[in-house]
Amino acid sequence: MDHAALFAATPSPYLVLGPDLVIAEVNQAYLDATRRSREDLVGKHVFEAFPDNPADPDADGVRNLGASLHRVLLSREPDTMALQKYDIPIMGRPGAFEERWWSPINTPVLAEDGSVAWIIHRVEDVTAYVLSHPAGGAAARLTSREALEAELYARARELQRLNDELRYAHNRERQIAVTLQEAMLTAPDLARHEDIAVRYLPAVGSLNVCGDWYDVVDLADGRFAVAVGDVVGHGLEAAAVMGMLRSALSAAIRALERPAQALEVLGLYSRSVDGALNTTAVKVMVDPRSRLIIYSNAGHPPPVLLHPDGGWELLDAATDPPLGARPAHVPRPQAGLNYSTGDTLVLYTDGLVERRHEDIDCGLARLTAILARNATLAPERLADALLAHLGVAGGAGDDIALVVVRL
C-alpha cells in the first residue's frame, strides 16, 4: 500500500508537524485550503508560516493552537479544538490577511519509546458556514436546522472560553503544587556531586506532586548517603507525608550514619504520621575511601550496582518489610558490598519497573537488560536512556523517582 499517495489524496486538509512544531509534510487538500505550495510550508515553523493577523487585536489563533499542540506533546493524546478564527496571510500581498474559520484536531504519532514523534494537524475550513450565519437579526430568518447549527456554534465558542478559564485555574493550582514539591525535594548536598543524576516524574494526570522522593546527604570523611522512598498514594496528601518522612530520614542518617538504624528510626516515626504506614524506602551509604556500599531496604525494589562491562548485581541482601508493617519494633538488617571505580549505582521507585498484570521480576529483568546495554553512558544520559527505553519519559501511571550515581 502506497501510504504517501493515500496521504496526498486524503480529502481533509492535513499538516504533519515535528515535536519542534516545524512542518514536515502537507497534503494537497491543505495546500488548496490555504492557497500555498509545499515550498511555502515544508521546513517552516507552523507559526512562522501562519502568524496571527497583526491588524486583529483579538487574534488568538497562535495562542490557542500553540496551547493545543503543547497539550498533545505532554499528554500524548489527541486534542480537539473548538471552532477557531485564524486568519491566514494572502500570498503576494505582504501584510494582508484573509478571514478564515477552522475546526482543528491535533493527533500525536508515537515513537517506539512512547514519545511524540509527529503531530497530525487536521483542519476543516468552516469559513463559508460561519460567514453565512451572522448574529443578530439575521438569526430570525434561519431554518430550524440552521438555527440549531448556529446555537451549537455559539455554545462551542462559549465552551472554549470556559475551558480556557479552567485550564488557567488548573495551571495556577499546578504551579503552586510544583513549587511546594520542589521545596520539599531540595537536596543542597546534591550540587556537590557532578556524577549523580536525579529524575522525578509524578504520575500522569496528577497535579505534578506525589509521594515518591529522593535524597542525597553528605556525611563525615567523604562518605555520602543516597535514598529513595515511596509513600502510598498520590497527590498533595501523599506529598505532605513524603515531606515529613524524607526530612526525618535525612536527619536520622546524619545523626546515626548507619542505614539500618536510620530506617529503624524512620519506622518508629512513621507510626505517628497518618498515611505513612507501608511506605517503602531504601537507604544506601557510600564510602569512597574503602569503596564500600552499606545499605538497608524497607520493602523497596532493590537498587542495582552496574559494572562498566555491563554486568550487574542487585542489592537485595538486606530487605525487610515496609515501614510500620510489623506490629512490634524489630531491628532492620544491613548489608555491604565492595565496588570498583567506574561502577554505577541505580536507585528507583516502583513506577519505573512495575507494569499492570506483570510480575515485578519481568520489570527488573527489563531494567537490568537496558542498564547492561548502556553501562558506559554518563549518569545524565543513562537516566534519560532508562526513562526512554522503559517508555516512561513523559510520565507513567505511577510516580517515579530515579537516582543514578557514578562511583
> Nearest 0.5 angstrom please: I360 CD1 to R355 CZ, how far?
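Here the interatomic distance stands at 9.0 Å.
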> Between F7 and V16, does the side chain to side chain contact (heavy atoms under 4.5 Å, CB included) criterion hold? Intermediate values first, please.
CA-CA 10 Å; F7 176 77; V16 179; 3.8 Å; yes
> Between the side chain of W312 and the main-chain N/O of A372, is any donor-acceptor distance below 3.5 Å?
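The answer is no, because no donor-acceptor pair under 3.5 Å joins these two groups.
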> Under 4.5 Å between any side-chain heavy atoms of D218 and R192, yes or no?
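When only atoms from C-beta onward are counted, R192 and D218 do touch, with a gap below 4.5 Å.
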> Hydrogens and angles aside, do N106 and S68 bring a side-chain donor and acceptor to less than 3.5 Å of each other?
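Checked: N106/S68 side chains pair up, N/O donor to acceptor below 3.5 Å.
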> Testing the 3.5 Å rule here: is there a donor-acceptor pair between the side chains of T10 and N27?
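Note: T10 and N27 side chains miss the donor-acceptor criterion.
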> Crowded around H45 NE2? As in, over 12 foreign heavy atoms under 6.0 Å?
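Atom NE2 in H45 is crowded, with more than 12 foreign heavy atoms closer than 6.0 Å.
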> Can you tell me how far CG of D212 sits from OG1 of T279, rounded to the nearest 0.5 angstrom?
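Taking OG1 in T279 and CG in D212, the distance rounds to 10.0 Å.
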> Should E98 and R35 count as an ion pair when the cut-off is N to O under 4.0 Å?
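Judged by the 4.0 Å cut-off on N to carboxylate O distance, E98 and R35 do form a salt bridge.
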> Do the ring planes of Y30 and F50 sit parallel (below 30°), tilted (30 to 60°) or perpendicular (above 60°)?
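If you compare the ring of Y30 with that of F50, the planes turn out perpendicular.
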> For F224 and H193, I'd like to know if the aromatic rings sit close, meaning centre-to-centre distance below 6.0 Å.
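When the ring centroids of F224 and H193 are compared, they turn out to be within the sub-6.0 Å range.
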> Give every residue pair that meets the salt bridge (Lys or Arg N to Asp or Glu O under 4.0 Å) criterion with at least one member in residues 308-327, sequence neighbours excluded.
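Listed by first then second residue: D320-R326, D320-R332.
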> Ignoring hydrogens and geometry beyond distance, is a side-chain donor-acceptor pair present between R122 and S12 at under 3.5 Å?
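Short answer, no.
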> Ignoring hydrogens, what is the shortest heavy-atom contact between V405 and I196? Give both atom names and the distance.
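So the two residues come closest at CG1-CG1, 3.8 Å.
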> With a 3.5 Å cut-off and no angle check, do the side chains of D230 and T349 form a donor-acceptor pair?
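No.
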> Look only at the side chain of S115 and the backbone of A111, and say whether a donor-acceptor pair between them is shorter than 3.5 Å.
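Not confirmed, S115 side chain does not pair with A111 backbone.
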> Nearest 0.5 Å, please: how far is CD1 in I400 from OH in Y214?
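So the OH of Y214 and the CD1 of I400 are separated by 14.0 Å.
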> State, yes or no, whether a side-chain contact exists between D287 and I294 at a heavy-atom distance under 4.5 Å.
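Not in contact.
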> Please report the shortest heavy-atom distance between V72 and P108, naming the atom on each side.
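That closest heavy-atom pairing would be CG1-CB, 3.6 Å.
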> Short question: side chain of D40, backbone of S37 - any donor-acceptor pair under 3.5 Å?
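Present.
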> As an exercise, state the distance from CD of E124 to CD1 of I105, rounded to the nearest 0.5 Å.
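Rounded to the nearest 0.5 Å, the CD-CD1 separation comes to 8.0 Å.
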> What's the separation between atom CD in E39 and atom CG in L31, rounded to the nearest 0.5 Å?
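E39 CD to L31 CG: 9.0 Å, rounded to 0.5 Å.
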> With a 3.5 Å distance limit and no angle check, can you tell me whether D52 reaches the backbone of P54 through a side-chain donor-acceptor pair?
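Side chain of D52 to backbone of P54, a donor-acceptor pair under 3.5 Å: no, none is there.
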> Go through the steps to decide whether L386 and V392 satisfy the test side chain to side chain contact (heavy atoms under 4.5 Å, CB included), and finish with yes or no.
CA-CA 9 Å; L386 275 176; V392 293; over 6 Å; no
> Is the closest basic N to carboxylate O distance between R199 and D384 below 4.0 Å?
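Salt bridge flag = yes for D384 with R199.
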> Determine whether a donor-acceptor pair (N or O, by modelled atom type, separation under 3.5 Å) exists between the side chain of N297 and the backbone of H300.
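Here the side-chain-to-backbone pair exists.
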> Does R71 offer a backbone N or O that forms a donor-acceptor pair with the side chain of S75 under 3.5 Å?
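Checking the backbone N and O of R71 against the side chain of S75, a donor-acceptor pair under 3.5 Å is found.
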> Out of curiosity, L407 CG to Y339 OH, how far, rounded to the nearest 0.5 Å?
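Here the interatomic distance stands at 5.5 Å.
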> Heavy-atom distance under 4.5 Å between the side chains of I120 and Y14, does that happen here?
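Touching, per the 4.5 Å side-chain cut-off.
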> Compare every heavy atom of A59 with every heavy atom of N53, then report the nearest pair and how far apart it is.
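Nearest heavy atoms, N53 then A59: O-CB, 4.0 Å.
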> So do V231 and L245 actually touch side chain to side chain, heavy atoms under 4.5 Å?
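Heavy-atom side-chain distance check passes, below 4.5 Å.
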> Between Y86 and T127, is there a side-chain heavy-atom distance shorter than 4.5 Å?
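They are not in contact (no side-chain heavy atoms under 4.5 Å apart), so the answer is no.
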> Do other residues, nucleotides or ligands put more than 12 heavy atoms under 6.0 Å from E194 CD?
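Counting neighbours around CD of E194, 12 or fewer heavy atoms of other residues, nucleotides or ligands fall under 6.0 Å, so no.
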> Minimum heavy-atom separation for L219 to A225, with atom names?
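Closest heavy-atom pair between L219 and A225: CD1-CB, 4.2 Å.
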> Decide side chain to side chain contact (heavy atoms under 4.5 Å, CB included) for L390 and I370; before the verdict, give the C-alpha distance in whole Å, the side-chain angles of both, and the deciding distance to 0.1 Å.
CA-CA 8 Å; L390 289 169; I370 294 170; 3.5 Å; yes
> I'd like to know whether V123 forms a side chain to side chain contact (heavy atoms under 4.5 Å, CB included) with H121, so could you lay out the CA-CA distance, the side-chain angles of the two residues, the decisive distance to 0.1 Å, and finally the verdict.
CA-CA 7 Å; V123 294; H121 172 61; 3.2 Å; yes
> Looking at N338 and R291, would you say the former's side chain and the latter's main chain have a donor-acceptor pair under 3.5 Å?
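Here the side-chain-to-backbone pair exists.
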> Can we say D87 and R100 salt-bridge, meaning some charged N sits less than 4.0 Å from an Asp/Glu carboxylate O?
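No, no charged N to carboxylate O under 4.0 Å.
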> Is the backbone N or O of P302 less than 3.5 Å from a side-chain atom of Y348, with the two atoms forming a donor-acceptor pair by type?
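Yes; judged by distance alone, with no hydrogens or angles, the pair exists.
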> What pairs with F97 under ring-ring contact (aromatic ring centres under 6.0 Å, His included), at least two apart in sequence or on another chain?
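Checked F97 against ring-ring contact (aromatic ring centres under 6.0 Å, His included); zero matches.
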> Hey, which of V265, L263, D215 is the one that makes side-chain contact (heavy atoms from CB on, under 4.5 Å) with L249?
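In the set V265, L263, D215, the residue that makes a side-chain contact (heavy atoms from CB on, under 4.5 Å) with L249 is L263.
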> Could you tell me whether a side-chain N or O of S247 sits under 3.5 Å from a main-chain N or O of G243, the two making a donor and an acceptor?
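Judged by distance alone, yes, a pair lies under 3.5 Å.
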> How close do G342 and P308 get, heavy atom to heavy atom, and via which atoms?
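Nearest pair, atom of G342 first, then P308: O-CG, 3.5 Å.
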> According to the salt bridge (Lys or Arg N to Asp or Glu O under 4.0 Å) rule, which pairs have a member within residues 250-259, sequence neighbours left out?
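Listed by first then second residue: D189-R254, R223-E257.
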> Ignoring hydrogens, what is the shortest heavy-atom contact between V282 and P303? Give both atom names and the distance.
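Where V282 meets P303 most closely, the heavy atoms are CG2-CG, 3.8 Å.
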> Donor-acceptor pair, distance only, cut-off 3.5 Å: does the side chain of R271 make one with the backbone of Y269?
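Not at all, since once roles are kept as given, no pair shorter than 3.5 Å links the two residues.
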